[in-house]
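Notes follow the structure.
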There are 2 protein chains.
Amino acid sequence: MKSPSQPRDRGIPEATVARLPLYLRALHGMAERGIATVSSEDLAGAAGVNSAKLRKDLSHLGSYGTRGVGYEVEYLVYQISRELGLTQDWAVAIVGVGNLGRALANYGGFVSRGFRVAALVDADPEVVGDTIAGLNVEHIDDLEAVIARRGVSIVVLAIPAAAAQKVCDRVIAVGVTSILNFAPVVLSVPDGVDVRKVDLSIELQILAFHEQRKAGGPLMAVDSQ
Amino acid sequence: MKSPSQPRDRGIPEATVARLPLYLRALHGMAERGIATVSSEDLAGAAGVNSAKLRKDLSHLGSYGTRGVGYEVEYLVYQISRELGLTQDWAVAIVGVGNLGRALANYGGFVSRGFRVAALVDADPEVVGDTIAGLNVEHIDDLEAVIARRGVSIVVLAIPAAAAQKVCDRVIAVGVTSILNFAPVVLSVPDGVDVRKVDLSIELQILAFHEQRKAGGPLMAVDSQ
DNA sequence: ATCCCTTTGTGAACCGATGCACAAAGTCGC
DNA sequence: GCGACTTTGTGCATCGGTTCACAAAGGGAT
Ligand SMILES: NC(=O)c1ccc[n+]([C@@H]2O[C@H](COP(=O)([O-])OP(=O)(O)OC[C@H]3O[C@@H](n4cnc5c(N)ncnc54)[C@H](O)[C@@H]3O)[C@@H](O)[C@H]2O)c1
Ligand SMILES: NC(=O)c1ccc[n+]([C@@H]2O[C@H](COP(=O)([O-])OP(=O)(O)OC[C@H]3O[C@@H](n4cnc5c(N)ncnc54)[C@H](O)[C@@H]3O)[C@@H](O)[C@H]2O)c1
């Protein structure tokens with residue numbers, strides 16, 4: 001008996017990484033509905049991609065399918081989760097508890113995937129000390145201490161653009177290397193630090209561009225998702 | 001005297017479209033600080049991209065720079081705005097006024113770019129009739145009427161995943177072709193409809209993947225922004 | 001055991017996007 | 001006016017990602 005298939009290549013394409021959570025979500029839905037096995041065709045359909053792409057993506061993790069049959073749902077959930085690092089739980093701090101930060105703090109969707117909101121931080125004395133989503137809001141002056149104490153490894157920035165770079169520098173200084181930024185500003189960070197940004201306004205502008213094009217000339221419209 | 005430079009090619013690469021808002025934001029900042037002219041090098045720096053890419057992107061819109069000098073800030077702002085369709089204003093409806101929908105409704109960042117929140121819609125009788133951010137929350141039963149009455153052309157979905165496809169179908173049925181989806185679900189739409197999705201949970205999972213890699217093997221870390 | 005049917009895993013062609021490097025174009029100082 | 005200098009616009013090589021299409025692998029029926 002030989003080892004069936006090792007994790008293989010350590011270099012997974014970025015585009016693949018970005019789709020793994022999509023597959024995972026689809027698989028969770030299937031597991032809940034009691035589906036034990038799924039073909040690349042069906043899983044690709046559920047995730048909204050084409051089946052060749054799905055198979056190539058999964059092939060980067062290893063050879064986890066069975067020809068003629070498909071993929072075992074539970075097993076694949078485990079493999080993808082492990083690859084994404086979701087078998088451990090991650091402590092997340094949200095800096096900025098305004099409109100957006102509050103919504104994020106109250107959102108249940110993280111916890112379900114191994115992300116735990118471990119700290120809320122704000123600068124406004126009006127807000128500091130409040131309890132939001134069961135957490136005490138701490139003062140920005142204590143940022144470094146809070147990150148250390150709670151073992152935070154991912155920081156979410158939900159503060160005004162003008163304050164983002166400064167806070168960003170501070171969390172990097174205490175060793176944080178993963179940042180999710182909602183402020184509409186380009187953060188400058190050293191190598192080794194990952195910044196992902198979510199910019200609502202950019203999304204709307206892209207939609208407007210296509211919308212205008214559709215209205216202007218009856219040419220073609222592209223679907224992107 | 002000949003025409004100096006017409007809008008050129010009508011086929012702008014998707015990757016370029018996605019960066020135009022970034023340039024626009026940087027340019028607005030410069031205009032505010034009274035900068036009249038900017039080189040591709042400086043603008044690229046401010047937008048966090050490399051200068052060759054910036055020049056190629058702008059070349060798709062037309063030849064709006066002056067060799068030896070750079071780009072005139074005001075003029076470029078106008079050209080990019082026009083290309084993105086921001087010279088008209090867009091009526092946006094937000095469906096789902098929960099944690100997230102509320103934050104969006106209260107956010108000032110849209111209006112500044114020609115997007116006007118023209119309607120709020122929800123299914124919860126507890127919420128319908130409330131005034132949020134100066135707008136009356138309307139009932140989901142009136143969705144079609146509200147969209148028509150307010151001239152909505154972009155719909156933002158901030159409702160639970162289970163409800164998203166149904167509402168999506170309804171807005172498409174009354175002619176909406178641009179949707180921004182926050183619900184963690186793959187929407188199925190006909191050709192000609194653009195869906196953009198924002199999925200926080202996916203962003204965190206991507207960060208977790210890289211974070212795990214950094215911790216596990218001291219190999220390399222990629223910066224992405 | 002053997003054959004047939006299904007579905008995976010992947011080689012190879014293709015496609016769009018990126019980055020280099022430089023000629024062309026224009027400015028500015030004298 | 002002219003020459004030196006700056007910066008754009010783009011041709012070209014390259015790269016990462018997508019898609020096609022099929023040989024290889026495995027399951028199930030007989
Ligand atoms: N609300 C949205 O829907 C939305 C959408 C897209 C982008 N954004 C961006 O997200 C960020 C937050 O938006 P918001 O609507 O929640 O703003 P907000 O003004 O409601 O909240 C900002 C919070 O950050 C706090 N803060 C300010 N400076 C701080 C600092 N130095 N350290 C710690 N906390 C600080 C403030 O006290 C406030 O509580 C902004 O950059 C905004 O542009 C928001
Ligand atoms: N809150 C966040 O930070 C966050 C982050 C990422 C994704 N999301 C996603 O965004 C969506 C909204 O999140 P939320 O936290 O605001 O949820 P929420 O439960 O606070 O709000 C949802 C709102 O939608 C309304 N609604 C439900 N069904 C509806 C229907 N058929 N028509 C119209 N309205 C309906 C509800 O009455 C409620 O007001 C969810 O899909 C969630 O997964 C939220």
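In what follows, every chain begins at residue 1, and chains take the letters A, B, ... in the order their sequences are listed. Predicted, not measured: the structure shown is a model, and the values here were computed from it.
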Stepwise salt bridge (charged side-chain N to carboxylate O under 4.0 Å, His left out) test for B/R19 and B/E14: CA-CA 9 Å; B/R19 281 187 297 265; B/E14 195 54 34; over 6 Å; no

Tell me: [atom1] of [X] to [atom2] of [N], nearest whole Å?
{"X": "A/N50", "N": "D/dA21", "atom1": "CG", "atom2": "P", "answer": "12 Å"}
{"X": "A/E72", "N": "D/dG27", "atom1": "CD", "atom2": "P", "answer": "13 Å"}
{"X": "B/L20", "N": "C/dA17", "atom1": "CG", "atom2": "P", "answer": "13 Å"}
{"X": "A/H60", "N": "C/dT10", "atom1": "NE2", "atom2": "P", "answer": "9 Å"}
{"X": "A/L58", "N": "C/dG9", "atom1": "CG", "atom2": "C1'", "answer": "11 Å"}
{"X": "B/K53", "N": "C/dA21", "atom1": "NZ", "atom2": "P", "answer": "17 Å"}
{"X": "A/L43", "N": "C/dT7", "atom1": "CG", "atom2": "P", "answer": "14 Å"}

Applying side chain to side chain donor-acceptor pair (under 3.5 Å) to A/E211 and B/T177, what does each step give before you reach the verdict? CA-CA 7 Å; A/E211 188 69 26; B/T177 60; 2.9 Å; yes

Taken to the nearest 0.5 Å, the spacing of B/L43 CG from B/L27 CG works out to 5.0 Å

Check if the side chain of B/K56 and the base of C/dG19 share a donor-acceptor pair of N or O atoms closer than 3.5 Å. yes

Using a distance-only test with no angle check, is there a side-chain donor-acceptor pair under 3.5 angstrom linking B/Y78 and B/E74?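 Short answer, no.
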
Identify whether any heavy atom of B/A15 sits under 4.0 Å from a base atom; if not, whether one sits that close to sugar-phosphate; answer base, sugar-phosphate or nothing. sugar-phosphate

Taking only the side-chain heavy atoms of A/E14 (C-beta and beyond), determine which of D/dG17, C/dA17, C/dC20 contains the nearest atom.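 Out of D/dG17, C/dA17, C/dC20, the nucleotide with an atom closest to A/E14's side chain is D/dG17.
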
Exceeds 12 heavy-atom contacts within 6.0 angstrom, atom CD of B/E144: yes

Do other residues, nucleotides or ligands put more than 12 heavy atoms under 6.0 Å from the CD atom of B/Q88? yes

Name the pairs: protein N/O against N/O of nucleotides 6-8 of chain D, kept only if under 3.5 Å.
unit_1: D/dT7; atom_1: O4'; unit_2: B/G68; atom_2: N; d: 3.0
unit_1: D/dT8; atom_1: OP1; unit_2: B/S40; atom_2: N; d: 2.5
unit_1: D/dT8; atom_1: OP2; unit_2: B/S40; atom_2: OG; d: 2.5
unit_1: D/dT8; atom_1: O2; unit_2: B/R67; atom_2: NH1; d: 2.9

